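Working notes for the structure below.
Quantities reported herein were computed from a predicted structural model and do not represent experimental measurements. The chain is numbered in sequence order, starting from 1. These numbers come from the heavy atoms of this one structure, side chains and all, not from hydrogens, waters or symmetry mates.
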Amino acid sequence: MNLISKPVYVSTSVNSLPLHVPLLYRDRDLPPVESKGVVIRPAFGKDTTKAMVESNAVATPQWVPKVAEQVREVAFLLLPGTAMACLSAAVGVLNNANKLAEQTLYRWTLCSRDGLAVMSDEGFEVGVQQSMQRLDPARLDKLVVCGGQGCDDPQLLRWLRQAGNFNLSIGAFGAGSYPLARAGLLDDYACTTHWEYLAAMQEEYPRLLLNSQLYVVDKNRFSCAGGSDVQDLLLHFVGEDHSQQLALAVSDKLICRTRLSSEPQRGAHSSQHSTYMPPCLQDAILLMESNIEEPLSLQEISDLLGISRRQVERLFRKYLDSQPSRYYMELRLNRARDLLQKTSKSITEISIACGFSSTSHFSKNVKDQFGCSPKLLGRQLKLASTEF
């Protein structure tokens, strides 16, 4: 046996009894073994154990949880741009569910397209256990796509379509909805993504039934906005798979409150000051946001709200220091900016999607708002996002 370093012990005293704790040991000669799906490299060999006994060391046996009758297998497909916060939150829920249940309820695997490490959104390389080609979808309960907003690799999309033929749930965190949408796996399903991508994704993939909820589960498809919403989605699965008591216990352990899927994302609507705006004004803004392609007139908005035009104007002036028509125009132009940055649609298509009757009228308003033509603005936005 080739010992790179010998065991080092620190002796302390608990109730006057000696306690020896191993601090440093590395052994590369012992082969790794697989135990309950986890690859383990033995820490101590026979010689070391003998040495410990001879030195009166106390070896505490390691507790190994029992395996549940039905272990749910989860695979995380990591693509470039994977958010570490999302992955960590998901694994944290599954890991704590196992610990609190004192048995293995979930096993998870990290994989990538080629089996190599993936660059996360935060700039870290994330190691994986295998390539997607070595993954057997037939043995999975859930497949989660993380990242990959700009990923349109034909091999990846073909593999995702093949996975969709098996009896498993497939979903995504945040921008991971993009590869699933490109593969056609979200067509005619209710789904969501981060609020920044909602408008662009709906325009690019009209068959998606997008909404701005925290997370959505529709039959064998699921999706969430990302960030802390991942915890809400995974806690939902724990409660669904096992019990609400276990889900609540995991929530308490992680010191987070559980939120319903129907709750909207905080940034999903541009009414960022909704905490102090009256409900009537919030409804007016929601009507505007929901009718970008075919803008409503101020009279139509006031009729739908059941108040006068002058009252609508007073609300906008008092709380937003703006006029309804100006605010509405800014909403449409901001939507146009998002589509210029996040889609490959033409200027004509974007102008129609944002409620402009002609490209010349659209170009004039874009130039007044952003100081350049739509074409130049789109080029600058895409270049900036690439460099970032």
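A heavy-atom distance below 4.5 Å is found between the side chains of Val250 and Leu100. For the pair Cys224 and Leu214, the minimum side-chain heavy-atom distance is 4.5 Å or more. For the pair Leu186/Ser223, no side-chain contact is recorded, criterion being any heavy-atom separation below 4.5 Å from C-beta on. Phe222 places a side-chain heavy atom less than 4.5 Å from the side chain of Ser169. At a threshold of 4.5 Å between non-hydrogen side-chain atoms, the residues Asp121 and Thr82 do not count as touching. Contact check for Gln299 versus Asp303: side-chain heavy atoms found under the 4.5 Å cut-off. At a threshold of 4.5 Å between non-hydrogen side-chain atoms, the residues Leu160 and Leu185 count as touching. Side-chain contact between Val144 and Ile170 is absent, with no heavy-atom pair separated by less than 4.5 Å.
With rounding to the nearest 0.5 Å, the separation of CG in Leu157 from CD in Gln162 is 11.5 Å. Atom CG of Leu79 sits about 8.0 Å away from atom SG of Cys146, to the nearest 0.5 Å.
Within the 3.5 Å criterion, the main-chain N or O of Ala117 finds no donor-acceptor partner in the side chain of Ser112.
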Show the numbers, then the answer: is there a side chain to side chain donor-acceptor pair (under 3.5 Å) between Ser346 and Glu349?
-> CA-CA 5 Å; Ser346 67; Glu349 290 174 316; 3.3 Å; yes
Checklist entry - Arg326 and Met329: side chain to side chain contact (heavy atoms under 4.5 Å, CB included), yes or no, with the steps? => result CA-CA 5 Å; Arg326 182 65 246 169; Met329 177 61 72; 3.7 Å; yes
Would you sort out whether Thr192 and Leu198 count as a side chain to side chain contact (heavy atoms under 4.5 Å, CB included), showing the intermediate values?
CA-CA 7 Å; Thr192 190; Leu198 281 172; 4.3 Å; yes
Test log, rule side chain to side chain contact (heavy atoms under 4.5 Å, CB included), inputs Val217 and Leu233
CA-CA 9 Å; Val217 180; Leu233 174 61; 3.9 Å; yes
Practice problem: Begin from the C-alpha positions of Leu381 and Asp338 and carry the test side chain to side chain contact (heavy atoms under 4.5 Å, CB included) through to its verdict. | Solution: CA-CA 9 Å; Leu381 290 171; Asp338 287 344; over 6 Å; no
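Residues Asp188 and Arg207 are paired through a salt bridge, judged by an N-O separation under 4.0 Å between the basic side chain and the carboxylate. Using a 4.0 Å cut-off between charged side-chain N and carboxylate O, Asp321 and Arg317 make no salt bridge. A salt bridge between Glu73 and Arg139 is absent, with no side-chain N of the basic residue lying under 4.0 Å from a carboxylate O of the acidic one.
Judged by the 6.0 Å distance and 45° axis criteria, Arg337 is not positioned over the aromatic ring of Phe370.
Under 3.5 Å, the side chains of Ser358 and Ser360 contain a donor-acceptor pair of N or O atoms. Side-chain atoms of Tyr106 and Asn95 include no donor-acceptor pair closer than 3.5 Å. No hydrogens or angles considered: nothing links the side chains of Glu330 and Asn334 as a donor-acceptor pair under 3.5 Å. For the residue pair Asn220/Tyr189, the side-chain donor-acceptor check at 3.5 Å is satisfied. There is no side-chain donor-acceptor pair under 3.5 Å between Ser131 and Gln133.
Taking the six-membered ring for Trp and the full ring otherwise, His242 and Phe237 have centroids separated by 6.0 Å or more.
By the 30° and 60° cut-offs, the orientation of the rings of His236 relative to Tyr215 is tilted.
Under the 4.5 Å side-chain heavy-atom criterion for grouping Ile, Leu, Val, Met, Phe, Trp and Tyr, Ile352 is not connected to Leu339 through any hydrophobic cluster.
Within 6.0 Å of atom CD in Gln130, more than 12 heavy atoms from other residues, nucleotides or ligands are found, so the atom counts as buried in its surroundings.
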